Asks: 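Got a structure here, written out as structure tokens. Questions coming.
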Amino acid sequence: MEKVLAGYVGRLAPSPTGALHLGNVRTFMIAYLRARSLGGKVILRIEDLDHPRDKPGAMKDAIEDLKWLGFDWDEEYIQSERKSLYREALAQLPVYPCVCTRRDVENAQSAPHAGEQLYYPGICRDRFAGWADAARYCEGGRIPCWRYRVDEGTKVTFNDVFVGEFSQDVSAVLGDFPVARDEGGAGYTLAVVVDDILMGVSEVIRGDDLLAATPVQLLIAEKILFWAKNKTLKDVKMPKYCHVPLVVGPDGRRLAKRHGDTRVASYKAAGVSPEEIIGRLAYTCGWCKEGDKVSLKELIDVFSLNTIPRTPWIMI
Ligand code: GLU
């Protein structure tokens, strides 16, 4: 295990919704090497709150694949075992239950909004007395979600370590955004923030598909800081964010099954070595020559964020 110095804490946060593929590995490689090159700590956090998309066995397989590739970590957590923390954190937030379906929200759009993010105009604000009241209203096994009551004029600006300054007028672009789809708050948006803060993550490195999700995470983080300080009896801080370009297919879309089989397990079964996989990915980050076979450990000293191209790596 690498020497752990006080200070930098990074994390790998796989979701067990499918097998680990080259796209995930490239982002994890960057996060891992950044932490280790700074003498920092690495946390592995399994983000298994996405039922029913989570696949049985995927958690064990992801851990096995990561170890086979040469990753190691200092602490390991599983989100489904931390639900009581998300429940406590939820109580710190200005949230209300919402029963609107996606169609309701789409129908309420007054103007087209860019990207996939849907603007929510607050239809359920002040509509229900609480979760139970809202749940009674839902039919057919549907459950409400919790939405964050966003004040007029809420604009978030932050300085991303890789991308630079990023701003979002949350009240105009998203309106009251969803925080969790679970009465106790166990859902990606809240859980990711609670965990990054409680675990002392100093820098979040992840794919830039989550860049636009960061402003709402920062809003949540600010609201739970005081609670987190009392909980941990430590001086908790907001993490920095570093969003790196994704791996995409020749069609420019995020790497997926349609682009062929890039699962780590398939390369392993075909006799490809970890050093060939890491070498191929490291080449795309400017850390070695094309065709080099290298281990993660060998890359710790040559790692640099600066050589990573600013555009997605197109895997052909
Ligand atoms: N678990 C998420 C994913 O696999 C990553 C979340 C994050 O890094 O904030 O997409």
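Only this structure's heavy atoms are used, side chains among them; waters, hydrogens and symmetry mates stay out. All values derive from a computational prediction rather than experimental measurement. Indexing begins at 1, ligand by ligand and atom by atom, following the structure's order.
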Asks: Side chains of D261 and Y267: is there a donor and an acceptor less than 3.5 Å apart?
Replies: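 No donor-acceptor contact under 3.5 Å links the two side chains.
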Asks: Using the side-chain hydrogen bond (donor to acceptor under 3.5 Å, both in side chains) rule, collect all pairs that involve residues 180-192, keeping only residues at least two apart or in two chains.
Replies: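 For residues 180-192, and leaving out neighbouring residues, the side-chain hydrogen bond (donor to acceptor under 3.5 Å, both in side chains) pairs sorted by first residue read Y188-R206, Y188-Q217.
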Asks: Do T284 and R26 get their side chains close enough for a donor-acceptor pair, meaning under 3.5 Å?
Replies: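 A pair is found: one side chain offers a donor N or O, the other an acceptor, under 3.5 Å apart.
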Asks: For residues 305-316, run the donor-acceptor check on the side chains, cut-off 3.5 Å, and write out each pair with its distance to 0.1 Å, sequence neighbours left out.
Replies:
unit_1	atom_1	unit_2	atom_2	d
T307	OG1	C285	O	2.7
T307	OG1	W287	NE1	3.1
T307	OG1	S304	O	3.4
R310	NH2	F162	O	2.0

Asks: Give every donor-acceptor pair under 3.5 Å between a side-chain atom in residues 52-70 and any protein atom, sequence neighbours left out.
Replies:
unit_1	atom_1	unit_2	atom_2	d
R53	NH1	D50	OD2	2.4
D54	OD2	D50	N	3.2
K55	NZ	T17	O	2.8

Asks: Under the side chain to side chain donor-acceptor pair (under 3.5 Å) criterion, do D169 and S171 qualify, and how do the steps go?
Replies: CA-CA 6 Å; D169 185 336; S171 46; 2.9 Å; yes
Asks: Non-hydrogen atoms closer than 4.0 Å to ligand 1: which protein residues do they belong to? List them by chain and number, please.
Replies: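 The 4.0 Å shell around ligand 1 contains R11, A13, S15, E47, Y188, V192, R206, L210.
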